[in-house]
Amino acid sequence: MSEYSGPTSVPSLEPTPGPSRGPVLGPRYRAAALRTLGEHEFDVLVVGGGVVGAGAALDAVSRGLSVALVEARDLAAGTSSRSSKLIHGGLRYLEQLDFRLVREALKERGLLVTRLAPHLVRPVSFLYPLTHRVWERFYVGAGITLYDTLAGSWGLRRHRQLSLRRTLEKAPALRKDALVGAIQYYDAQVDDARFTMMVARTAAQYGACVTTRTPVIGFLREGARVTGARVRDLESGAEIEVRAREVINATGVWTDELQRLAGVEGTATARPTEGVSVRASKGVHVVVPRDRIRLDTGLILKTEKSVLFVIPWGAHWIVGTTDTAWDLDKAEPSATNADIDYILDHVNAVLKDPLTADDIEGVYVGLRPLIGQSGANTVKLSREHAVTRPLPGLTVVAGGKYTTYRIMAEDAVDAAVRHLGEAVPASITQRVPIIGAAGFEAVRNNKRRLAERAGLSVGRVEHLLHRYGSRAEELLEVIGMAPGLGDPIPGAEGYLKVEAVYAASHEGALHLEDVMVRRTRIFIEERDHGLQASAEIAELLAPILGWDVDRTKREIDDYRQYVQADTASRREPDDAAANAVRLRALTPSEAVS
């Protein structure tokens, strides 16, 4: 087992015992990390455990800097677990003539698919249905040709023009009278929460000190300069002063709140000496069974506001999204009955066998962090990011899109280290694979041997490979020592018991919700949202996280309340009513803004 290898100014953290090639974000790691936060000054403190914050921690630590990352709730608890699960250039941005953003995103897509995370990011095909015979085929075809061209050497398979007959062969679910043909093109998809967690683990592997459930409650100052932050450990209530030479605010839709905490008011501009204002836009997605839509490919539909995707997701489809302004609770944004009707109405316009509310297995809601003024039309706000330095010692990164997280992180670290007063190496993250990527192809090629040795089906091993990459061998080793952990979880048979254990012992999960909603996707994939499976999973987590009987029962009860409130909020007609219902489910540890 590999030891935690931190920077020379920060002592090594003791990993949790067990078969591992590290890092191990388990309970012992967290205890040591909390001590380290208060005992050492870091070169860089990153606030925010979404994909940009995790990316910034990895960028900084891989340059040789000492780094701490603190997250108010769980890794990817906000926007970074609630996206459309796509890694894409953004066809819609071509219409806005934002060629630079598209080209940048397509390069990042190529890096992720081929080099950085081939185990987590995979190509997926989409159909773009056409409704006009001549001009639209030419217009859309020219746009997608440009899309392929902008990708350059990082491109996936090139698009194809399809006749109506060929389209219906690939998509028998579509109404014949709803289209005249289609164009098939390629993008990529990802489990956004898993990817974010794996980026954070990679940062920890190189020495970053990563903690969750540690919200910032104030900033440390020496005169005008920000010199760190005061955080609270929500598990114990203890407060810790974290000193750092530079602080990076990477909190997404919470950017304005953190700026105000530091005494900075956001503006709609992005000049380096000012704060930046972030506007939240709500995106709703629904999950339906795979057999309810007969497609051999994903689907993209243009709407009057934006686009609607039908995205393959294992035994399910993800259908979304919406794009509406949101100014209520940011921790748990809510879907309304109207949001769901909007999605169903638009997808049903092209389906022979329309979806109904009864088909919906799960719903999730995310907030896009858009740069702009309050009250602006969020559909027209830029997805490009801004990096500002409103105070000495404080760098703010905001906006952007999931696909370009690495560029955002690099830009933020570049801005911060410029003020360290010493030479710092340039970013190398375009050459640093995410945990599980190294050796992935070799391990995948041996999947039949691994399956036979572990007593699992090849399909189960493939499932593990596409969630853990080459680190799947760690889970298989655990199964070798405790064969019962190779059994499916009752009530959530798509996952093995070992995955729940590993989530707590290696992946930083501290609560049942962390496992149900983010380490796995049981919450959106099971029709009962995992209520049947929750007791079994809680029992698996208890010995690792040190829960007694009462704590285990409380975790189950808290999750049940979370599910019930989420379900109830969807029946409400508007945002305010849905949000009020949803907020009743928040436990004290979740009620963090």
Side-chain angles (χ1 to χ4, degrees), residues 50-55 58-59 75-76 79-94 98 100-126 128 144 147-148 150-159 184-200 202 252 283 285 297-300 306-314 317-318 320-321 364 366 368-369 383-385 399-410 429-437 440 466-467 469 518 521:
V51 72
V52 177
L58 175 56
D59 188 282
L75 295 169
T79 304
S80 293
S81 62
R82 307 175 189 213
S83 73
S84 293
K85 324 300 184 201
L86 292 177
I87 298 295
H88 64 138
L91 277 176
R92 62 184 284 197
Y93 304 121
L94 285 181
D98 202 341
R100 186 188 66 78
L101 176 62
V102 174
R103 183 170 57 249
E104 180 179 79
L106 289 172
K107 177 184 176 182
E108 293 303 307
R109 183 193 69 180
L111 278 169
L112 289 165
V113 168
T114 61
R115 180 189 298 172
L116 302 184
H119 55 311
L120 300 172
V121 183
R122 295 181 293 280
V124 60
S125 67
F126 285 92
Y128 189 114
I144 296 180
Y147 195 66
D148 289 342
L150 288 172
S153 61
W154 296 107
L156 306 176
R157 293 176 60 182
R158 294 188 70 82
H159 75 280
Q184 184 179 35
Y185 75 99
Y186 291 82
D187 260 320
Q189 70 176 159
V190 67
D191 183 330
D192 49 4
R194 283 206 65 73
F195 182 87
T196 299
M197 180 274 298
M198 295 288 252
V199 174
T202 308
H285 298 78
T297 176
L299 192 66
I300 177 173
S306 180
V307 293
L308 191 80
F309 286 101
V310 179
I311 305 162
W313 183 258
W317 294 103
I318 293 174
T321 181
Y364 67 91
R368 303 175 189 88
R383 293 307 304 276
E384 294 191 68
H385 65 276
K401 53 186 287 187
Y402 198 102
T403 303
T404 56
Y405 84 93
R406 195 191 63 80
I407 299 295
M408 296 173 65
E410 178 181 336
T429 52
Q430 66 176 334
R431 300 187 299 278
V432 178
I434 304 306
I435 277 181
F440 169 61
H466 287 301
R467 282 172 51 76
R518 288 172 291 276
R521 292 308 190 143

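If you read the sequence from its start, that first residue is 1, and numbering goes on from there.
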Quick one: does M197's side chain get under 4.5 Å of S80's, heavy atoms only? no
Heavy-atom side-chain proximity of T321 to R368 below 4.5 angstrom: yes
Where G89 and A105 come nearest, the two heavy atoms and their spacing: CA-CB, 3.7 Å
With distance as the sole criterion, is a donor-acceptor pair present between the side chains of T196 and Y402 under 3.5 Å? yes
Less than 4.5 Å apart, any side-chain heavy atom of Q430 and any of E410? no
List for me each residue that meets side chain to side chain donor-acceptor pair (under 3.5 Å) alongside R194, sequence neighbours excluded, and say none if there are none. E507
Taking the side chain as every heavy atom from C-beta outward, state whether P312 and W317 have any pair of such atoms under 4.5 Å apart. yes
Any non-hydrogen side-chain atom of Y93 less than 4.5 Å from a side-chain atom of K401? yes
Which residues satisfy the side chain to side chain donor-acceptor pair (under 3.5 Å) test with R109, sequence neighbours excluded? D187
To the nearest 0.5 angstrom, please state how far the CD atom of E108 sits from the CD atom of E104. 6.5 Å
Atom OH of Y147 and atom NE2 of H159: how far apart are they, to the nearest 0.5 Å? 13.0 Å
Approximate separation, where rounding is to 0.5 Å, of L116 CG and F195 CZ: 7.0 Å
Answer yes when D192 and R521 have at least one side-chain N-carboxylate O distance shorter than 4.0 Å, and no when they do not. yes
Distance from I407 atom CD1 to L111 atom CG, nearest 0.5 Å? 8.0 Å
Tell me whether R158 at atom CZ has more than 12 heavy atoms from other residues, nucleotides or ligands lying less than 6.0 Å away. yes
So, do I144 and L91 sit near enough that their side-chain heavy atoms are less than 4.5 Å apart? yes
Would you say the side chain of H285 lies within less than 4.5 Å of the side chain of K85, judging by non-hydrogen atoms? no
Could you give the distance from CH2 (W154) to CG (L106), rounded to the nearest 0.5 Å? 12.5 Å
Is there a side chain to side chain contact (heavy atoms under 4.5 Å, CB included) between R122 and H466 once you walk through the steps? CA-CA 9 Å; R122 295 181 293 280; H466 287 301; 3.4 Å; yes
Donor on one side chain, acceptor on other, H88 and T403, under 3.5 Å: no
List the steps, then state whether side chain to side chain contact (heavy atoms under 4.5 Å, CB included) holds for F126 with V310. CA-CA 9 Å; F126 285 92; V310 179; over 6 Å; no
Could you tell me whether the side chain of M408 reaches within less than 4.5 Å of the side chain of V51, counting heavy atoms only? no
Stepwise side chain to side chain contact (heavy atoms under 4.5 Å, CB included) check, L150 with L94: CA-CA 11 Å; L150 288 172; L94 285 181; 3.8 Å; yes
Any luck finding a side-chain donor-acceptor pair between R406 and T429 under 3.5 Å? yes
